[in-house]
Amino acid sequence: MNGSIETLQNGLTSLLANLPPRPIQKDTLDALVTQICEESSTKTNQDTWKNKWEYVLRNEAFNLASTEGKALEQRETKYYEHLSDRLDLILSFTEHDACDQIFPFNTLQDLLETQTIASCSHIFSWIELRADRLTSDMIPQKGKALVLLRTLNDLLRRLSKMGATTVFCGRILTFLSRVFPLGERSGVNLRGEYGPVWEGPGSKGYVQRDENRMEVDETKGDEATKDAAQNLKEKEDFYSAFWSLQLPFSRPSLFADVQTFSSFKDAVTKVLPVIKEATAKERSLMGNKSHHAPAGTSIPLKRKREPATTESLGNSEYYFAKYLTSPELLDLEIADTHFRRQFLFQLLILLNHLLNFTKAAKAAWSTSRNRSLQFDFTLEATDLQWVQETITRAVEELRQTSPNGRAFAEAVQVMLEREKNWVRWKNELCPPFDREPWSEEIEVDGKKKKTGLEEATEGVRKKMRMDPEDWPHRYGSAALTEIWEMGYRDLRDLEHPFQPGDVKDFVRKVKQEDARIDMRKKQLTQRAERMAQARAKAAALTEGTPAPGLPAASSTSPPNPPAAVAAPALSPEAQRQNASGGPALLHPSLPAKPGSGPGESAAPSPARVSTPNLPPVAAAPAVPTPAPAPAPAPTPAPAPTPVPAAVPTPEPAPIVLPPDDLIRKYEENKQRWSWLALRTARDQYLQHFGRIGAGDIVLLAQEIERERVEREKAAAEREKEAAAGAALAQTSASPAPPPASGGEEEEAAGAGGEEAGKAGMQTAEPKDAGGDVKMEDR
C-alpha cells in the first residue's frame with residue numbers, strides 16, 4: 001500500500017512541476033489530470049484508489065498550509081497562488097471521479113479552521129470564483145450542502161461583526177444567499193427569535209460602577225455647586241435616556257408592557273433635539289472653515305476644484321465600530337457623524353416595525369404563526385401619528401448629516417422598503433418562490449390532455465409568421481393620412497390654427513368638412529364594391545356561372561338550350577300571304593307545299609339548334625334548311641312562333657351606403673360651422689339673409705363678396721369724380737393771362753372776330769333752317 005501511495009505522490013509531484021504558468025486554463029488542467037488518472041488506475045487497487053488520492057491531495061495541501069507563517073513573512077510570497085493551485089487540483093480530481101464529492105468541502109473546512117483571518121479571506125475568494133463548479137448538482141439540506149453551510153457558519157463565528165471584518169461577513173452572507181434557495185430553513189428564522197438582549201445602561205440588571213460617575217468639587221460656592229449638580233443631573237438623565245433606548249431596539253416584544261411605549265416616547269423626545277443640535281453645530285463649523293483665512297491674504301473669487309477625498313472614503317470604506325458606554329464619552333460620541341447615523345438608523349428600523357401593529361395591519365397577519373409578532377400590543381391612532389412624525393424627523397436628520405447625507409438617507413429608505421417585503425414573506429412562513437410551468441388542459445378525443453405553453457401557442461405562432469395584411473392607412477395612421485389628404489404639407493401649415501372672424505373662414509371649414517364627407521363616402525363605396533365583387537366571385541364558384549367581369553366560355557350558347565329556336569325572318573311576300581290567309585311558305589325561295597289549300601299552311605320545319613362555341617356571323621345570309629319528306633296526310637301548321645323581344649341588360653343596382661358614424665359627425669360639424677357663420681354675420685350682413693335660402697353660407701359669402709366689389713367700384717367712381725371736381729376748381733381759380741401788345745393784339749382781335757363769326761354762323765344756321773319759309777314769303 002505504501003508503494004502505491006508513493007506512486008501517486010510521485011505522479012502528483014511531477015504534475016505540479018509540469019503545471020503551465022498562471023493563469024491555468026481549465027481545459028489544460030483537465031487534460032493533465034485525465035492523463036495521470038489513467039496511468040494510476042492500472043497501478044493501484046480500484047477499491048482503495050479514491051481513498052489513496054484523497055490522502056495524497058490532502059497531505060499536499062496541508063503541508064503547504066503549515067508553511068503559512070514563514071511564507072507570509074516574505075514580501076514577494078507566492079503562498080496564496082500555490083494554495084490555489086492545490087485547491088484547483090483537488091476540485092479537478094473530484095470532477096474526474098478520483099475523489100468523493102464531499103472531499104473538497106472537508107478539505108476547505110479543515111483549512112479555514114487552521115488559517116488566519118487574512119488567509120481565510122483569500123481562500124474564500126477562491127470559493128467565490130469556483131462557486132459554479134463547487135455547487136454543481138448540490139441538493140439543499142443533503143450531502144455537500146450541509147458541509148458547506150457548516151463550514152461558512154463556523155467561519156462567521158470566528159469573525160467580528162464590528163470593525164474591519166464586517167465586509168468579510170457580508171461577503172459570506174451574500175454567498176450563502178446566492179448558493180442556497182431563499183426558503184432555506186437555516187436562514188429564515190422561522191421561530192422569530194431576536195438577537196441578544198441589551199445588557200448595558202438602561203437594562204434591569206445593569207449597575208453603574210463608581211469610577212464612571214462624575215464627581216463635583218464641593219469646595220466651591222453653593223451656587224456653583226447647585227449649577228454643577230443641576231448640570232450633572234441633566235447629563236445623567238440624558239445618559240440613561242439615551243442608552244435605555246437600546247433595550248427596546250434589541251427586544252421589541254417589551255412593548256407588550258403598557259409603560260414601555262410611554263417611556264420610549266419620552267426618551268426619543270429627549271434625544272432627538274440633542275442629535276439635531278449636534279448636526280447643526282457640525283454644519284456651522286464646516287461652513288466657517290472658509291472664514292479662517294489669515295489677515296492680508298486675498299481669497300480668490302473663483303473656486304478651485306478640490307479632490308473629494310472625504311466623499312470617496314465615505315463611499316468605499318466604512319468602519320463599523322462598537323461604541324463604549326462610558327458617561328464621559330457620550331458627548332464625544334454624539335459629536336461623531338457615524339455614531340448619530342447608527343442611532344437614527346436603529347430608530348427608523350424600530351419605528352417601521354411598530355407600524356405593523358396598527359389595527360388595520362394586525363388584521364392582515366392575525367393568523368400568522370411567527371413568534372416575532374405574537375405579543376399583545378396595538379398602536380393607537382395618536383401613537384401612530386407620533387410614530388410617523390418621528391420617522392419624518394429622523395429621515396430629515398439623516399439628510400443633514402455629512403458627508404453624503406442625502407445619499408445615505410435614500411439608501412436607508414430603500415433598505416427599509418425592501419425589508420417590509422422580507423418581513424411580510426417571513427410572516428407568511430416563507431412560501432416557496434418556485435412556480436410550476438404554465439399548462440392548460442384541453443380535450444382531445446373525449447379525453448383531457450395537459451398541454452404546455454409551446455403546444456398551446458402553436459396556432460398563434462403560425463399566425464405571427466404569416467405575412468401581415470396591407471396597412472390600411474397610406475401615410476402611417478388615420479389622422480396623418482387625413483391631414484395629408486386635406487392639403488397640409490408642412491408643420492408651418494399647422495402653426496396658424498383656425499380663428500373664426502369672417503364668413504370666409506367658416507366657408508373654408510365647411511368645405512373641409514365636405515371634403516372629409518366625400519373622402520369617407522369614397523372609402524365606403526370602394527369597400528362595398530370590393531365586397532360585392534367578392535360575393536359575385538363566390539356565387540360564380542358555387543353555381544358554375546361566370547362572374548361579372550370575367551370572360552364567358554361561350555357567348556352564343558345559353559346555359560340551358562331552349563327547345564325551339566325563333567324562325568328566320570320572312571320576306572314581304574311571305575308576310576303578305578300569311579296576312580291574307582294564304583298558305584304559309586317554308587321559305588320565301590321555296591314554292592308552296594303541294595296539295596295545300598288556301599286555308600292550309602305548310603308544315604313547320606324542325607327547329608335548328610345553334611352549334612355551341614361558334615360565334616354568329618352577322619353579315620352571312622341565312623341558309624335554308626331542306627324540308628323533311630312530306631307526310632301522306634297534310635297537317636295543319638301551328639301558329640308562327642313569336643319573336644321574343646330583346647331583353648334589356650339590367651343596370652347594376654346602385655350601392656347604398658350604410659349609416660356611418662364619421663359621416664354623421666362630419667355633418668354635425670358642418671351644421672355647427674354654418675350656424676356659427678350665420679351667428680357671426682347676423683349683425684353686419686343681415687340684409688343678405690333673405691337671398692341665401694335655407695342658411696347657405698356659400699351663397700352668403702358670394703353676396704358679401706358681390707357687395708364688397710360694388711362698394712369698391714362706387715368708391716372708385718366717387719374718388720374719380722372728386723378728382724375731376726378738384727381739377728376743375730383749380731382751373732377756374734387760376735388768374736387771367738396778360739393782354740397782348742401791338743400786332744399781337746390785332747391778330748388776337750382778328751382771330752377773335754373770325755371765331756365770333758364762325759360762332760354766329762353756327763348759331764344762325766338753326767334759325768335759317770327754321771326760317772326758310774319766312775325768307776320765301778318775303
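Residue indices begin at 1 and follow the sequence shown.
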Which residue pairs pass the ring pair (Phe, Tyr, Trp, His ring centres under 6.0 Å) test with at least one member in residues 103-141, sequence neighbours excluded? Y80-H122, F124-F168, F124-F175
What is the ring orientation for F264 with F249, classed by angle as parallel under 30°, tilted 30 to 60°, or perpendicular over 60°? perpendicular
Tell me whether F62 at atom CZ has more than 12 heavy atoms from other residues, nucleotides or ligands lying less than 6.0 Å away. yes
Could you grab the distance from atom CG of L155 to atom SG of C169, nearest 0.5 Å is fine? 8.0 Å
Judged by atom type as modelled, is there a donor-acceptor pair below 3.5 Å linking the side chain of T114 to the main-chain atoms of D110? yes
From CA spacing to verdict: side-chain contact (heavy atoms from CB on, under 4.5 Å), L57, T107: CA-CA 9 Å; L57 292 170; T107 306; over 6 Å; no
Exercise: identify the closest heavy-atom pair between T94 and D100: CG2-O, 3.5 Å
So with a 6.0 Å cut-off around CZ of R133, is the heavy-atom count from everything else above 12? yes
Hey, is the main chain of L87 close enough, under 3.5 Å, to the side chain of R130 for a donor-acceptor pair? no
Please tell me if the side chains of Q346 and S250 come closer than 4.5 Å, counting only heavy atoms from C-beta onward. no
side-chain hydrogen bond (donor to acceptor under 3.5 Å, both in side chains) with R340: which of E282, E333, E397? E282
With sequence neighbours excluded, give me every side-chain hydrogen bond (donor to acceptor under 3.5 Å, both in side chains) pair touching residues 169-180. S121-R171, S125-R171, E128-R171
Quick one: does N18's side chain have a donor or acceptor within less than 3.5 Å of a partner on S14's backbone? yes
Residue pairs, two or more places apart or on separate chains, that pass side-chain hydrogen bond (donor to acceptor under 3.5 Å, both in side chains) and touch residues 144-153: none
Do you know which two heavy atoms are closest between S160 and T165, and how far apart they sit? O-OG1, 2.6 Å
Kindly compute the distance separating CG (L156) from CG (L176), expressed to the nearest 0.5 Å. 6.5 Å
Could you go through the salt bridge (Lys or Arg N to Asp or Glu O under 4.0 Å) check for E389 and R393 one step at a time? CA-CA 6 Å; E389 292 176 354; R393 292 172 59 189; over 6 Å; no
Exercise: identify the closest heavy-atom pair between Y79 and S119: CE2-OG, 4.4 Å
One should read off an interatomic distance between L272 CG and T390 OG1, to the nearest 0.5 angstrom, of 6.5 Å
Residue pair I172 / L159, side-chain heavy-atom distance below 4.5 Å: yes
Pairwise distance NZ(K450) to CD(E455) - rounded to 0.5 angstrom: 12.5 Å
Applying side-chain contact (heavy atoms from CB on, under 4.5 Å), run through L89 and L12 and close with a yes or a no. CA-CA 9 Å; L89 285 175; L12 181 61; 4.1 Å; yes
Please check: side-chain N/O of T48 versus main-chain N/O of N51, any donor-acceptor pairing under 3.5 Å? no
Exceeds 12 heavy-atom contacts within 6.0 angstrom, atom CG of N63: yes
Check F377 against L379 and note the closest heavy-atom contact, atom names and distance. CZ-CD1, 4.0 Å
So, does R283 use its side chain to make a donor-acceptor pair with the main chain of Q400 at under 3.5 Å? yes
Between L384 and L355, is a side-chain contact (heavy atoms from CB on, under 4.5 Å) present by the stated rule, with each step listed? CA-CA 7 Å; L384 174 62; L355 293 178; 3.5 Å; yes
Measure the shortest side-chain to side-chain distance between L247 and V197 over non-hydrogen atoms and say whether it is less than 4.5 angstrom. yes
Mind checking whether L19 and L29 have side chains closer than 4.5 Å, heavy atoms only? yes
Nearest heavy-atom approach of C37 to F93 is SG-CE2, 3.6 Å
Does a salt bridge link K50 with D97, judged by any charged N lying under 4.0 Å from a carboxylate O? yes
NZ on K26 to CG on L91, rounded to 0.5 Å: 8.0 Å
Measure the CD1-CG distance between I36 and N10 for me, rounded to the nearest 0.5 Å. 9.5 Å
For a 4.5 angstrom cut-off between non-hydrogen side-chain atoms, does L108 reach L148? no
Is the F357 to F255 ring centre distance short of 6.0 Å? no
Tell me, with the steps shown, if L112 and D154 meet side-chain contact (heavy atoms from CB on, under 4.5 Å). CA-CA 9 Å; L112 292 175; D154 293 342; over 6 Å; no
If we only count heavy atoms from C-beta on, is the M138 to V179 side-chain gap below 4.5 Å? yes
Please examine the side chains of R158 and C120, heavy atoms only from C-beta on, and report whether any two atoms are closer than 4.5 Å. yes
Can you confirm whether Q115 sits close enough to I123 that some side-chain heavy atom of one is under 4.5 Å from a side-chain heavy atom of the other? yes
Check whether T401 reaches the backbone of T337 with its side chain - one donor and one acceptor, N or O, closer than 3.5 Å. no
Do N421 and R418 have a side chain donor and acceptor closer than 3.5 Å? no
What's the shortest heavy-atom distance between A361 and N356, and which atoms? CB-O, 3.6 Å
Keeping the roles fixed (side chain from T451, backbone from E440), state whether a donor-acceptor pair exists under 3.5 Å. yes
In this structure, is the centre-to-centre distance between the rings of F339 and F242 below 6.0 Å? yes
Are E417 and K420 within salt-bridge range, i.e. N to O under 4.0 Å? yes
